Amino acid sequence: MAGEIKGIDGSRVAPAEVGRKTAGAARGERPAARTGNDAPADEVSLTDTAARLRELEARLAELPVVDPKRVDEIRQLIAEGRYQVDAGDIAEKLIQIEKLLDDMGG
């Protein structure tokens, strides 16, 4: 059946029971199945955290992939002792990250 939700043990779970915790569930008991007209309408809601995770995932997908050639170049410079660290550049990037986190509410 399309849209069917399965529990951990593979048994069907009523949509109204998804994400709901009861004292019985804490003891490993299964909730009683709803029947007839007493079942509430199906509903999906995202917590603020889930919404932020979706936003972060979208932003990560936009980031460039690691350039293996550049990684090898830097690795070689470090091995030869010629890699120079620009403290000002690092500080600027840290400030940019902090601003981004503040803009996101973090």
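The figures here come from the full heavy-atom set of this structure, side chains too, leaving out hydrogens, waters and symmetry mates. As the structure is a computational prediction, the values presented were derived from the model and not from experiment.
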### Query
CE of Met104 to CZ of Arg59: how many Å apart, nearest 0.5 Å?
5.0 Å
Mind listing the side-chain donor-acceptor pairs of residues 65-73 below 3.5 Å, one per line with the distance, residues two or more places apart or on another chain?
| unit_1 | atom_1 | unit_2 | atom_2 | d |
| --- | --- | --- | --- | --- |
| Asp67 | OD1 | Lys69 | N | 3.1 |
| Arg70 | NH1 | Glu73 | OE1 | 3.4 |
| Asp72 | OD1 | Arg75 | NH1 | 3.3 |

### Query
Do other residues, nucleotides or ligands put more than 12 heavy atoms under 6.0 Å from Asp86 CG?
yes
### Message
Using the rule given for side chain to side chain contact (heavy atoms under 4.5 Å, CB included), can you reason through Leu100 versus Gln96, listing the C-alpha separation, both sets of side-chain angles and the distance that settles it, and then say yes or no?
### Response
CA-CA 6 Å; Leu100 178 65; Gln96 290 174 4; over 6 Å; no
### Atom pair OG1 (Thr49) and CZ (Arg54), whose distance is rounded to the nearest 0.5 Å
13.0 Å
### Summary
Separation between CD1 (Ile97) and NZ (Lys99), nearest 0.5 Å, reads 12.5 Å
### ILVMFWY clustering at 4.5 Å (side-chain atoms), partners of Tyr83
Ile74, Leu77, Ile78, Val85, Ile90, Leu94
#### Entry: Fellow cluster residues of Leu60, listed by chain then number, with links counted only when side-chain atoms sit under 4.5 Å apart
Leu63
### Message
Rounded to the nearest 0.5 Å, what separates atom CZ in Arg52 from atom CD in Glu57?
### Response
14.5 Å
